[in-house]
Amino acid sequence: MKRRSFLIIILLCVLTQGILALPKVHVIATGGTIAGTSSGSGYTAGQVTIDNILAAVPDLSKIAELDYEQFCNIGSQDMNETIWLSLSKRINELFATGKYDGIVITHGTDTMEETAYFLNLTTRSDKPVVLVGSMRPSDAPDADGPKNLIVAVKAAADKKNVGKEVMCCLNQKLFEASGVFKNNSRDVDAFAAIKPDYTMPHGSKVGFDVTEVEKLPNVGIIYGYAGCSTLPLQAFVDANFEGVVLVGVGDGNFRADVQKIAEKAVAHGMKIVRSTRCPHGGVYTEGGEVEDLELGFIAAGSLNAQKARILLMLALTQTKDTDQIRQYFNKPIALQTVKK
Ligand code: ASP
């Protein structure tokens with residue numbers, strides 16, 4: 001009898017522990033203003049380490065059991081493809097341990113939308129991945145980082161967010177990767193979102209498996225304007241870039257002499273994606289002034305240039321076929337394993 005009550009007590013303890021156990025969230029720190037400190041007439045991003053950032057927000061320990069790592073500590077203007085690849089591989093590795101309910105990444109706001117979109121296309125678990133930043137440095141009296149961190153950790157710990165796109169958190173709001181963009185260079189409410197053509201939550205059956213990828217193809221971006229010079233596009237052609245995203249005026253248009261260089265480049269195998277400098281509306285093959293199908297161009301759809309560049313780089317790890325690349329731009333992507 002005594003033995004039975006003892007076993008029941010043990011069982012109850014185990015059960016209550018299971019019920020009361022906090023979700024487990026891993027925080028990966030990359031820098032940004034959220035890790036910034038005041039300096040000179042402004043501040044420097046990527047100064048404070050993640051142990052100190054988390055220690056400043058004790059309430060986080062009521063939301064989730066946290067562990068963390070310092071991945072890098074940079075302003076996100078210095079983010080690059082090499083870091084993206086190792087970050088994505090690290091996230092896949094962490095989820096593969098089965099230990100974590102979600103992952104939070106502290107990150108600068110300047111290029112957060114790009115990292116989020118890249119990770120959305122390349123991470124293999126459908127558990128929440130949330131990037132978080134701030135517009136004011138960590139030592140500002142009205143620092144916005146701590147409140148954003150609370151929202152981000154809650155979102156990463158929340159089972160309701162399983163099966164969503166990688167998210168970005170700013171001004172205590174959450175945005176999904178495909179639509180989010182930095183809309184304001186100064187305001188704490190700096191992010192906005194367009195309605196994307198389609199959303200594509202990350203997971204085991206979608207996107208690109210970059211396990212074997214060590215370097216992404218060279219793809220550049222060229223900005224259009226009245227009187228636009230032909231020099232930048234010619235420079236990318238001369239440097240043998242595999243692709244260029246043209247940020248056209250209006251509906252993805254470019255002045256005639258730039259377009260001529262683009263047409264020639266396509267004939268030599270370069271992939272040209274047309275996007276627009278207009279934040280809304282996108283660029284589509286139908287109904288515009290440029291005959292994409294005839295000229296071999298690819299329309300970016302609702303993706304802005306910086307996200308179209310990411311998709312083009314990943315697409316080029318798979319294929320050189322323009323029609324196949326057009327498919328990637330048009331609809332959710334079934335898992336593509338990179339061939340060596
Ligand atoms: N330059 C900073 C960065 O992106 C700006 C910010 O985090 O808000 O790292």
Side-chain angles (χ1 to χ4, degrees), residues 27-57 60 68-88 90-91 103-120 129-153 155-156 166-194 221 223 247 279 304-310:
V27 182
I28 303 179
T30 71
T33 298
I34 194 166
T37 49
S38 308
S39 67
S41 60
Y43 72 93
T44 310
Q47 299 298 301
V48 184
T49 51
I50 190 63
D51 46 343
N52 290 310
I53 293 174
L54 296 177
V57 197
L60 289 173
Y68 57 83
E69 68 188 78
Q70 190 75 46
F71 204 72
C72 55
N73 211 353
I74 57 172
S76 74
Q77 55 271 47
D78 290 321
M79 187 50 70
N80 60 48
E81 302 85 354
T82 311
I83 302 179
W84 283 341
L85 282 170
S86 43
L87 188 57
S88 173
R90 178 70 182 137
I91 291 170
I103 290 178
V104 166
I105 302 160
T106 57
H107 195 290
T109 62
D110 289 352
T111 62
M112 190 188 290
E113 67 193 83
E114 291 172 63
T115 303
Y117 187 67
F118 180 81
L119 295 178
N120 196 56
V129 176
V130 186
L131 288 91
V132 59
S134 75
M135 290 297 283
R136 298 183 183 128
S138 65
D139 59 353
D142 46 0
D144 50 330
K147 283 185 181 155
N148 292 341
L149 254 177
I150 287 180
V151 174
V153 171
V166 168
M167 288 184 281
C168 294
C169 175
L170 195 71
N171 201 28
Q172 299 173 65
K173 294 186 220 169
L174 293 162
F175 302 85
E176 288 191 84
S178 293
V180 65
F181 68 107
K182 190 168 183 180
N183 185 42
N184 193 302
S185 57
R186 291 238 146 178
D187 203 282
V188 282
D189 198 17
F191 284 4
I194 55 116
I221 296 181
Y223 200 82
V247 190
N304 65 22
Q306 50 275 32
K307 289 184 197 170
R309 171 178 175 265
I310 289 168

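In listed order, ligands and their atoms are each counted from 1.
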Checklist line | Taking atom 8 (O) of ligand 1 as the reference point, the nearest protein heavy atom with its distance | finding: Thr109 OG1, 2.5 Å
Next item on the list: Give yes or no for whether the N/O distance cutoff of 3.5 Å, strictly under, is met between His107 and ligand 1.
Entry: no
Check: Can you check side-chain hydrogen bond (donor to acceptor under 3.5 Å, both in side chains) on Ser38 and Asp139, steps first, answer last?
Finding: CA-CA 7 Å; Ser38 308; Asp139 59 353; 2.9 Å; yes
Note to self: Counting only nitrogen or oxygen atoms and a 3.5 angstrom limit, does Gln77 reach ligand 1?
What the structure shows: yes
Margin query: Under 4.0 Å from a heavy atom of Ser134: which atoms of ligand 1 are those, numbered in the order shown and with their elements?
Written below: 6 (C), 7 (O), 8 (O)
Checklist line | Identified side-chain contact (heavy atoms from CB on, under 4.5 Å) counterpart of Asp189 within the set Lys173, Met135, Gln172 | finding: Lys173
Item checked: Atom of Thr37, atom of Ser138 and distance for their closest heavy-atom approach -> CG2-OG, 4.0 Å
Checklist line | Validation row: Thr33, Asp144 side chains within 4.5 angstrom (heavy atoms) | finding: no
Item checked: Asp110, Thr106, Thr33, Val188: member with heavy atom nearest to atom 6 (C) of ligand 1 -> Thr33
Item checked: Sub-3.5 Å N/O-N/O distance, Tyr43 and ligand 1 -> no
Margin query: Heavy-atom pairs closer than 4.0 Å: do any link ligand 1 to the side chain of Ala190, the backbone, both, or neither?
Written below: neither
Checklist line | Non-hydrogen side-chain atoms of Asp51 and Tyr68 separated by less than 4.5 Å | finding: yes
Note to self: Need the ligand 1 atom indices (1-based, order shown) with element for anything under 4.0 Å from a heavy-atom of Gly32.
What the structure shows: 7 (O), 9 (O)
Checklist line | Interfacing atoms of ligand 1 (cut-off 4.0 Å, heavy-atom, Gly75) | finding: 9 (O)
Check: Quick one: nearest non-hydrogen protein atom to atom 9 (O) of ligand 1, plus distance?
Finding: Ser76 N, 2.6 Å
Notebook entry, point to check: Looking at Val180, Val151, Val132, which one forms a side-chain contact (heavy atoms from CB on, under 4.5 Å) with Leu174?
Noted result: Val151
Item checked: Closest non-hydrogen atom pair, Ala155 against Met167 -> CB-CE, 4.4 Å
